Amino acid sequence: MQFGVFTVSDITTDPTTGRTPREADRLKAVLAIAQKAEEVGLDVFALGEHHNPPFFSSSPTTTLAWIAARTERLQLSTSTTLITTNDPVKIAEDYAMLQHLADGRVDLMMGRGNTGPVYPWFGQDIRNGIELAVENYALLRRLWTEDVVDWQGKYRTPLQGFTSTPRPLDGVPPFVWHGSIRSPQIAEQAAYYGDGFFSNHIFWPKEHTQKMVEFYRRRYEHYGHGGADQAIVGLGGQVFMRKNSQDAVAEFRPYFDNAPVYGHGPSLEDFSRETPLTVGSPQQVIDRTLGFRDYVGDYQRQLFLVDHAGLPLKTVLEQLDLLGEEVVPVLRKEFAALKPAHVPDAPTHASRVAAAGGARDATVHAADDVTGRTVEAGAQA
Amino acid sequence: MTTRTLAVVSAGLAVPSSTRLLADRLTAATVDALGERGVTVTVEVVELREHARDLADNLVTGFPSAALRASVDTVVGADGLISVTPIFSASYSGLFKTFFDVLEKDVLTGKPALIAATAGTARHSLALEHALRPLFAYLRATVAPTAVFAASEDWAGGEAGSPALTSRVRRAAGELADLVAGRPPAPPADPFADPATSFEDLLRGSGG
């Protein structure tokens, strides 16, 4: 099982000091968090994509490429990549680039984005969200699996004889997860393609996650990709820890009370009961997280949100230490002991290359339209 | 005898409240009227006052607390709905509106509904027609033609109320009973049932 952290890249005032980080500081903080994630033995770092304040992460592949250069084992992912407002051609190019730079340590999580005004900035309309997700992703897959694509659709300029470069590393595109809080169509999409399904599992009651995952698993089996219990499931989670649970609650409460999204609403206690938020000791986080399996089954990836709502970098790094030293080693052991042998691990580049029968050079060389001769063939002649 | 469920939403704030009193009279009259039509009734009352904080939290978080969810499920799953609000500042109360704001889209479509309101003076009575009826029309509920308004003077006749109020209550209850009895109990729609259209259809629909 993979464990990691995901961030939404919010720039939020620290309510305990009144200090708001500069974009530059917050950006650098996220780089430090990613490097720390690898250092403490986590497996995955996932970065969000946003195109409006208070978020900075408009260009995730730039950031992830920097992190790829500074890490060795960390799997890089997104939370999420906007499949609705990004041109699928640009996603195909950007993430194939990143895949090469990171030696295959890349996967993506597709999301629609729920901020209405963002869509028209990119020439789209939120009312077409599901249709955009369906059409754009179908094109993205073709761009990664077919060397030359002729395509016509509803939401983008037609393509004639288009080759997206670079071709995916070793001829195998990055693994894709689909994220949605409660649109069955997206779980259906993930199941149809045999892709992964990620339930964000933060800020919402577990019942949403339970229903979506159960539906995804049923449809995954329906489409013939394997048994329902072999479908690829990822979950989010939100934690804040101190050695003593009372200290964790006291320290996190002002951040909770003023947080974007849910602040100025329910109490920390109510929200902890109604959603998967766990504020307490590392042991409490271990117990709660192990309980996720009771309602989603054996799953492949657990990402934690640890850095939002204005928490200072120093505190976030301490959270990562606790995750790496006390929480994840126990979870790894416990989940592994519970998982039946026929339930697969999360796909990686290595496992996908092996499943494809080995690596192949997928380079497409330019051809001369008239003679059909390639540059290489000409050089050899 | 067949059985139906009747949900009653009361947005009264005082205890006891005249809004709840009117709701109770409408409920009793509807139970009687359904009984005359061979239908037994299970009544579930939702006092919105008890959910005041839950409703504010739902606006902020986007989901109902467990307690509010139980009440929402009661209303959504009922065969008929009686909704009663005090009139504040020329319209339904904010608490009343918030409850209907946090319901999922389309969950009241076709639901037999009776609307009613209370206020200190009869001069507010048309709020039923210019505020409540359009709200329930928007929600696509099937609203009984008679809406019931009770002002302070209607309670002057003691517990039983004025004869005019009593006859309005009886007429409205009869209309709601006809709507409920004339309609088979409908199970709530499950968005997670296997999709009616396949993913291939979704793909074709997009032209991709």
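In this text the structure is predicted, and so the values were computed from the model without any measurement. A note on names: the letters A, B, ... follow the listed sequences, proteins ahead of strands, and every chain is numbered from 1.
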For this session: With a 4.5 angstrom heavy-atom cut-off, could you sort out which part of Y216(A) is near chain B: side chain, backbone, both or neither?
Result: neither
For this session: For residues P64(B) and E274(A), report the shortest heavy-atom separation together with the two atoms involved.
Result: O-OE1, 4.3 Å
Exercise. Where on E214(A) is there a heavy atom nearer than 4.5 Å to chain B: the side chain, the backbone, both, or neither?
Worked result: neither
For this session: Check the surroundings of atom CZ in R171(B): do more than 12 heavy atoms from other residues, nucleotides or ligands lie under 6.0 Å from it?
Result: yes
For this session: Can you label the angle between the W204(A) ring and the F63(B) ring as parallel, tilted or perpendicular, going by 30° and 60°?
Result: tilted
Exercise. For H222(A), is it the side chain, the backbone, both or neither that has a heavy atom under 4.5 Å from a heavy atom of chain B?
Worked result: neither
Exercise. Just wondering, are more than 12 heavy atoms of other shown residues or ligands nearer than 6.0 Å to CZ in R123(B)?
Worked result: no
Exercise. Taking all non-hydrogen atoms of both residues, which atom of L203(B) and which atom of A138(A) are closest, and how far apart?
Worked result: CD2-CB, 3.7 Å
Exercise. If you count the non-hydrogen atoms of other residues, nucleotides and ligands that lie under 6.0 Å from CZ in R288(A), is the total more than 12?
Worked result: yes
For this session: Could you look at R156(A) and say if it's the side chain, the backbone, both or neither that has a heavy atom under 4.5 Å from chain B?
Result: neither
Exercise. Considering only heavy atoms, which portion of F271(A) lies under 4.5 Å from any heavy atom of chain B: side chain, backbone, both, or neither?
Worked result: side chain
Exercise. Are F199(B) and R219(A) close enough, and set up right, to give a side chain to side chain contact (heavy atoms under 4.5 Å, CB included), and what steps lead you there?
Worked result: CA-CA 10 Å; F199(B) 193 76; R219(A) 301 298 291 173; over 6 Å; no
Problem set entry | Rounded distance (nearest 0.5 Å) linking atom CG of D270(A) with atom OG1 of T61(B) | 10.5 Å
Exercise. Which bit of A66(B) comes within less than 4.5 Å of chain A, counting heavy atoms only: side chain, backbone, both or neither?
Worked result: both
Exercise. Using the ring of each side chain (for Trp, its six-membered ring), is F192(B) parallel, tilted or perpendicular to F215(A), with breaks at 30° and 60°?
Worked result: perpendicular
For this session: Answer whether the closest heavy-atom distance between the side chains of R53(B) and P266(A) falls below 4.5 Å.
Result: no
Exercise. So which part of F203(A) gets closer than 4.5 Å to some heavy atom of chain B, the side chain, the backbone, both or neither?
Worked result: backbone
Seminar exercise, completed: Given R182(A), H264(A), Q185(A), the one with more heavy-atom pairs under 4.5 angstrom with chain B than any other is R182(A)
For this session: Assess whether atom CG of N114(A) is packed by more than 12 heavy atoms of other residues, nucleotides or ligands within 6.0 Å.
Result: no
